[in-house]
Amino acid sequence: MAERVPKKLYRAELKRLQAQLVDMQAWVQSTGARIVVIFEGRDAAGKGSTIKRVTEYLNPRVARIVALPAPTERERSQWYFQRYVAHLPAAGEIVLMDRSWYNRAGVERVMGYCTNDEYHRFLHQAPIFERMLVEDGILLLKYWFSVSDVEQEERFRSRNEDPMRRWKLSPNDVLSITKWEDYSRAKDTMFVHTDIPEARWHEVDNEDKRRGRINMIHHLLQQIPYEVVERPEIEIPSRPESGGYDRPPQRPDGYVPDHAATLGDG
């Protein structure tokens with residue numbers, strides 16, 4: 001394993017890359033490009049925290065995060081890809097999928113949530129579906145976040161001990177420890193069938209989250225043929241003279257209490 005990236009170096013490079021993401025966003029808006037970025041990987045592999053860094057300075061009206069819950073009964077009766085189609089980007093939009101249609105090739109396969117026929121139909125249809133997206137002009141990028149079994153278990157335990165992050169743990173997450181090899185086989189099979197020239201899989205070694213984040217963002221920026229767009233300068237006008245407006249009296253209990261005033265200096 002490579003040495004962990006020092007925090008100071010990581011923060012400086014992350015800021016530089018995030019500034020480029022803002023430039024890329026401006027290009028997407030000006031050209032009407034459509035981008036879909038899929039984040040997949042093992043539980044606790046660091047997908048969510050990477051998405052957070054990607055979108056930190058982006059306009060949420062341009063860059064949307066899609067993290068769908070379990071399908072409803074009605075959605076289960078639909079064509080499998082149907083509920084994902086509704087979340088595909090329009091012109092000038094970026095969609096980041098925190099898990100995606102690949103649930104069927106991973107957790108659904110391993111945990112028995114789909115039938116063998118549904119699973120094999122997915123492996124057949126996924127490349128066809130993705131070729132259709134690419135042929136229609138969508139830029140589709142797929143990232144798989146890898147982490148070792150030792151690191152995964154350590155992250156599970158860390159989450160379980162932290163009340164602020166315990167919500168990230170689910171019964172399925174914990175079960176993935178006992179099904180490590182099953183998930184490995186499922187991932188290998190998924191890659192065989194869906195790593196197509198039109199939409200390749202890109203694997204991110206995320207044992208060190210700092211290294212993984214900057215590697216993934218740098219790679220993403222290399223895949224998008226964006227150019228720096230000149231943005232018009234905005235002039236802040238001078239405030240005009242008062243026109244005689246008097247603010248009406250406010251209710252004494254209408255203000256949020258000053259909790260900050262009760263805090264110490266330390």
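Not measured: the values here are computed from a predicted model.
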Item to check | Geometric class of the F39/F145 ring pair [parallel <30°, tilted 30-60°, perpendicular >60°] | outcome: parallel
Item to check | Euclidean distance, D208 CG relative to R4 CZ, rounded to 0.5 Å | outcome: 5.5 Å
What I want to find out is whether [X] reaches [Y] closely enough, with some N-O distance under 4.0 Å, to be called a salt bridge.
X	Y	answer
D136	R34	yes
K187	E203	yes
D98	K52	no

Checklist entry - Using a distance-only test with no angle check, is there a side-chain donor-acceptor pair under 3.5 angstrom linking R42 and S146? => result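 S146 and R42 do not have a side-chain donor-acceptor pair below 3.5 Å.
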Checklist entry - Does a donor on one side chain sit under 3.5 Å from an acceptor on the other, for T55 and R64? => result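 Their side chains do not contain a donor-acceptor pair, so the 3.5 Å distance test is not met.
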Next on the checklist: Using the salt bridge (charged side-chain N to carboxylate O under 4.0 Å, His left out) definition, which of the options K179, R159, R99 pairs with D43?
Outcome noted: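 With D43 as partner, K179, R159, R99 yield a single salt bridge (charged side-chain N to carboxylate O under 4.0 Å, His left out), made by R99.
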Next on the checklist: Against the six-membered ring of W101, is R83 placed for a cation-pi contact (under 6.0 Å from the centre, within 45° of the normal)?
Outcome noted: no
Checklist entry - Which is it for F122 and H193 under the ring-ring contact (aromatic ring centres under 6.0 Å, His included) test, yes or no, and what are the steps along the way? => result CA-CA 10 Å; F122 171 83; H193 288 270; 9.7 Å; no
Is the shortest heavy-atom distance from the side chain of [X] to the side chain of [Y] under 4.5 Å?
X	Y	result
D188	Y183	no
D23	R231	yes
E130	L140	yes

Item to check | Neighbour count >12 (heavy atoms, 6.0 Å) for atom NE2, H218 | outcome: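 No.
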Checklist entry - What do you reckon, is CE of M111 surrounded by more than 12 foreign heavy atoms closer than 6.0 Å? => result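 Enclosed.
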Next on the checklist: Using the ring centroid of each side chain, check whether Y102 and W201 are separated by less than 6.0 Å.
Outcome noted: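 Between Y102 and W201, the centre distance is under 6.0 Å.
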